[in-house]
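Accompanying notes for the structure given below.
Naming convention: chains lettered A, B, ... in sequence-line order (proteins, then strands); numbering from 1 in each chain.
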Number of protein chains: 2
Amino acid sequence: MPVSNVVEPDSTGPTEQLLTPGEVAHIFGVDPKTVNRWSLTGKIPSLKTPGGQRRYRQSDVNALLNG
Amino acid sequence: MPVSNVVEPDSTGPTEQLLTPGEVAHIFGVDPKTVNRWSLTGKIPSLKTPGGQRRYRQSDVNALLNG
DNA sequence: GACGAATTGGGTAATTTGGGGA
DNA sequence: TGTGTCCAAATTACCCAATTCG
């Protein structure tokens with residue numbers, strides 16, 4: 001099934017586009033493993049799906065791109 | 001098929017192929033260090049990974065090749 | 001040809017990244 | 001496709017010498 005059920009009914013956070021490791025990797029021109037490393041070393045925040053996979057906020061990615 | 005059709009309307013996201021310093025160096029026939037110097041002196045734009053490495057847009061490289 | 005300024009590459013050590021496999 | 005780990009390759013920043021350009 002698609003992993004892109006990104007709509008959050010939760011009202012606490014802004015409904016924001018979440019990106020997979022592969023998508024973030026493509027944006028930066030690096031390997032998906034490298035993106036996971038960034039998460040482990042605290043360089044980019046990440047959310048975890050109940051299945052243990054990571055998702056990244058578009059805004060966090062943009063913040064890194066802009067400096 | 002992509003897992004999710006993530007639209008990237010955001011202008012900050014480079015929807016473009018990115019090249020490593022080594023690849024750009026090979027294209028121009030120079031040392032990778034020289035490519036990084038071009039970036040430092042503003043001769044070619046570059047993105048930075050959170051790890052501090054540089055990536056170059058294909059279009060910027062082409063512009064330099066043709067200009 | 002001589003001169004100074006800028007560009008480039010060599011060498012090094014530390015960090016980041018990617019490949020292979022589980 | 002994604003995760004976690006090990007290891008080799010690539011990249012970075014630094015200083016210095018050789019080369020190139022006007």
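Rounded to a whole Å, the NZ atom of K33(B) is 10 Å from the C1' atom of dA13(D). Distance CG (L18(B)) to C1' (dT11(D)): 16 Å, rounded to an integer number of Å. Rounded to an integer number of Å, the gap from CG of L40(B) to P of dA6(C) is 16 Å. Taking atom NE2 of residue H26(A) and atom C1' of nucleotide dT1(D), one finds them 16 Å apart after rounding to whole Å. To the nearest angstrom, P of dT17(C) lies 11 Å from CG of D31(A). Taking atom NZ on K43(B) and atom P on dT8(C), their separation rounds to 6 Å, with Å as the unit. The nearest whole Å value for the distance from the CH2 atom in W38(A) to the C1' atom in dT3(D) is 17 Å. Taking atom CG of residue N36(B) and atom C1' of nucleotide dT17(C), one finds them 15 Å apart after rounding to whole Å.
Counting distance only, with no hydrogens placed and no angle test, the side-chain atoms of R55(A) and the base atoms of dG2(D) include no donor-acceptor pair under 3.5 Å.
Comparing R37(B) and G52(B) by the nucleotide of DNA chain D that holds the closest heavy atom to each, the one mapping nearer the 5' end is G52(B). Between T49(B) and T34(B), the residue anchored nearer the 5' end of DNA chain C, judged by the nucleotide with its closest heavy atom, is T34(B).
Of the listed nucleotides (dT17(C), dT8(C), dG2(D)), dG2(D) has the atom at the smallest distance from the side chain of Q53(A). Taking only side-chain atoms of V30(B), from C-beta outward, the nucleotide of dT3(D), dT11(D), dG9(C) with the closest atom is dG9(C).
With rounding to the nearest 0.5 Å, the separation of CG in D60(B) from CG in L19(B) is 9.5 Å.
Within 4.0 Å of R54(B), counting heavy atoms only, lie sugar-phosphate atoms of the nucleic acid but no base atom.
Nearest approach of R57(B) to L18(B), heavy atoms of both residues: CG-CD2, 3.8 Å. A pairwise comparison of heavy atoms in P32(A) and G22(A) identifies CG-CA, 4.2 Å as the closest pair.
Using a 4.5 Å heavy-atom threshold, the side chains of R54(A) and L47(A) count as separate. Contact check for Y56(A) versus V35(A): side-chain heavy atoms found under the 4.5 Å cut-off.
Side-chain N/O atoms of T20(B) include one lying less than 4.0 angstrom from OP1 or OP2 on dT11(D).
Partner assigned to dA22(C) is dT3(D), using Watson-Crick or G-U wobble distances below 3.5 angstrom.
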